[in-house]
Amino acid sequence: MKQGDRPVVITGNWKMYKTIEQAVEFIKELIPAVKDTTARIYLGVPFTAIKSAADAAKGSNIVIGAQNVHNAAEGAFTGEIATVMLVEAGAQFVILGHSERRRLFHETNEMINKKMERAIQDNLQPTLCVGESAEERNQQQTEQVLATQLKECLAGFKSAQLKNLILAYEPVWAIGTGQTATPEIAQNISLYCRSWLEENIGKRVAQSTLIQYGGSVNPGNAKELLDQPDVDGLLVGGACLSVEAFSKIVNVI
Ligand code: PGA
């Protein structure tokens with residue numbers, strides 16, 4: 001537990017990896033490897049594997065979620081997926097605004113804000129991703145960029161709606177590059193985000209929001225990142241694809 005009774009949540013983001021068969025096999029191996037942890041384990045899995053993954057994880061400490069959702073309840077949106085479909089399949093959370101979605105699929109803060117609204121309304125816990133690019137960091141714009149992302153992605157929400165918020169600070173320059181943020185950067189930016197929440201949404205949300213760090217997390221750097229008082233968890237990409245590496249990360253706490 002962190003300050004303010006916040007649990008530690010370690011999320012694995014599988015991205016576009018793992019078939020149904022591979023997902024089920026992974027979860028069967030992961031369950032005994034992480035049974036003693038006090039952390040909550042979340043897995044963001046591909047749409048096709050959600051149902052089987054949720055069935056395989058039943059009764060364990062592993063929570064299954066999705067990596068994206070459309071903002072409409074339903075409709076003529078070829079190729080998209082609705083919250084009710086994800087919830088029916090067994091998803092309990094959704095990753096929103098990942099930098100790959102922003103960069104490769106042109107998601108804007110405004111679109112992410114609408115997805116957040118839908119997810120919250122339909123009881124899908126949102127993990128909102130924010131983070132600056134290398135260029136923005138070099139130009140000392142990190143806090144300004146984060147403030148804009150937070151302001152626009154969280155526009156219009158009342159504090160009660162955000163009580164289950166997970167916020168993932170994922171500097172774009174650290175994702176998939178092996179260039180992990182230092183624990184100091186992870187702590188400073190997490191604290192900045194928490195202060196922003198306190199000033200702009202309210203004290204309660206600032207205290208309850210779980211702030212994760214993501215970007216080249218591995219078994220060697222997980223502990224020092226999690227030791228930071230305002231880092232409540234980790235969002236792991238590459239290192240969550242093997243049971244060995246992911247369970248090592250989970251078991252550092
Ligand atoms: P990475 O990805 O751990 O491979 O850097 C993190 C993420 O994209 O969430």
Side-chain angles (χ1 to χ4, degrees), residues 9-34 39-107 111-112 114-129 164 166 168 170 175-176 212 214-215 217 233-247 249-250:
V9 175
I10 312 285
T11 303
N13 173 14
W14 279 356
K15 309 193 179 184
M16 201 171 74
Y17 292 99
K18 297 201 191 291
T19 62
I20 294 173
E21 199 182 325
Q22 291 166 339
V24 171
E25 196 179 318
F26 181 100
I27 290 166
K28 279 190 185 152
E29 270 181 52
L30 182 66
I31 290 173
V34 295
R40 294 189 190 166
I41 303 160
Y42 281 31
L43 286 177
V45 312
F47 296 142
T48 48
I50 290 175
K51 171 94 178 75
S52 311
D55 288 346
K58 231 173 233 149
S60 76
N61 51 356
I62 300 167
V63 174
I64 301 299
Q67 304 165 19
N68 184 27
V69 73
H70 193 272
N71 69 276
E74 59 180 6
F77 301 105
T78 302
E80 292 293 321
I81 197 142
T83 48
V84 282
M85 299 167 187
L86 297 178
V87 171
E88 182 189 43
Q92 297 182 53
F93 76 97
V94 62
I95 299 170
L96 294 175
H98 189 280
S99 71
E100 284 152 17
R101 299 247 21 118
R102 292 173 185 264
R103 186 167 48 89
L104 304 170
F105 303 100
H106 315 295
E107 283 192 13
M111 287 162 76
I112 296 160
K114 291 195 179 127
K115 289 174 186 230
M116 288 275 303
E117 208 175 315
R118 172 62 54 193
I120 289 166
Q121 188 177 323
D122 293 347
N123 287 320
L124 212 44
Q125 182 180 21
T127 293
L128 170 63
C129 302
N164 293 320
I166 298 181
E170 293 214 306
I175 297 177
Q212 296 180 317
V217 172
L234 302 168
L235 180 49
V236 186
C240 82
L241 294 173
S242 93
V243 171
E244 198 195 339
F246 190 54
S247 58
I249 292 172
V250 169

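Please read these numbers as outputs of a predicted model, since none were measured by experiment.
Other residues, nucleotides and ligands place more than 12 heavy atoms under 6.0 Å from the CZ atom of Phe47. In the displayed structure, Arg40 atom CZ is contacted under 6.0 Å by at most 12 heavy atoms of other residues, nucleotides or ligands.
The closest donor-acceptor contact from the side chain of Lys115 to the backbone of Val69 lies under 3.5 Å. The backbone N or O of Cys129 lies less than 3.5 Å from a partner atom in the side chain of Arg102, making a donor-acceptor pair. Formation of a donor-acceptor pair under 3.5 Å by the Asn61 side chain with backbone atoms of Val34 is found in this model. Of the possible polar contacts, one joining the Lys18 side chain to the Leu241 backbone as a donor-acceptor pair under 3.5 Å is found.
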Distance-only donor-acceptor pairs under 3.5 Å for side chains of residues 72-92, two or more places apart:
unit_1 : atom_1 : unit_2 : atom_2 : d
Thr83  : OG1    : Asp122 : OD2    : 2.5

Let's go through Glu107 and Leu96 carefully: what are the C-alpha distance in whole Å and the side-chain angles of both, what is the deciding distance for side chain to side chain contact (heavy atoms under 4.5 Å, CB included) to 0.1 Å, and is it a yes or a no? CA-CA 10 Å; Glu107 283 192 13; Leu96 294 175; over 6 Å; no

Evaluate the side chain to side chain contact (heavy atoms under 4.5 Å, CB included) criterion for residues Val217 and Leu235: first the C-alpha distance (whole Å), next the side-chain angles of each, then the deciding distance (0.1 Å), finally the verdict. CA-CA 8 Å; Val217 172; Leu235 180 49; over 6 Å; no

I would like to know whether Val63 and Phe93 meet side chain to side chain contact (heavy atoms under 4.5 Å, CB included); could you show each step before the answer? CA-CA 8 Å; Val63 174; Phe93 76 97; 4.1 Å; yes

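What you find for Gly44 and Ile95 is that their closest heavy atoms are CA-CD1, 4.4 Å. Contact detail for Ala56 and Ile31: the closest heavy-atom pair is O-CD1, 3.5 Å. When all heavy atoms of Ala57 and Ile62 are compared, the pair lying nearest together is CB-O, 3.7 Å. Considering all non-hydrogen atoms of both residues, His70 and Arg118 come closest at O-CG, 3.8 Å. Here the closest non-hydrogen pair linking Thr127 and Ala168 is CG2-CB, 4.1 Å. The two residues Thr11 and Gln212 come nearest to each other via the heavy atoms OG1-NE2, 2.9 Å.
The distance from the SG atom of Cys240 to the CG atom of Leu30 is 10.0 Å, given to the nearest 0.5 Å. For the atom pair CD1 (Ile10) and CG (Leu43), the distance works out to 11.5 Å, reported to the nearest 0.5 Å. With rounding to the nearest 0.5 angstrom, the CD atom of Gln125 is 10.5 Å from the CG atom of Asn123. For the atom pair Asn71 CG and Glu117 CD, the distance stands at 8.5 Å (nearest 0.5 Å). To the nearest 0.5 Å, the span separating CG on Leu234 from CG on Asn13 amounts to 13.0 Å.
The side-chain heavy atoms of Met16 and Pro46, taken from C-beta on, include no pair separated by under 4.5 Å.
The aromatic rings of Trp14 and Phe26 sit perpendicular to each other, their planes meeting at more than 60°, with 30° as the lower class boundary.
Judged purely by distance below 3.5 Å, without hydrogens or angles, the side chains of Glu170 and His98 pair a donor atom with an acceptor atom.
Every pair passing side-chain hydrogen bond (donor to acceptor under 3.5 Å, both in side chains) that includes a residue from residues 47-60 is listed here, sequence neighbours excluded: Lys51-Asp55, Asp55-Lys58.
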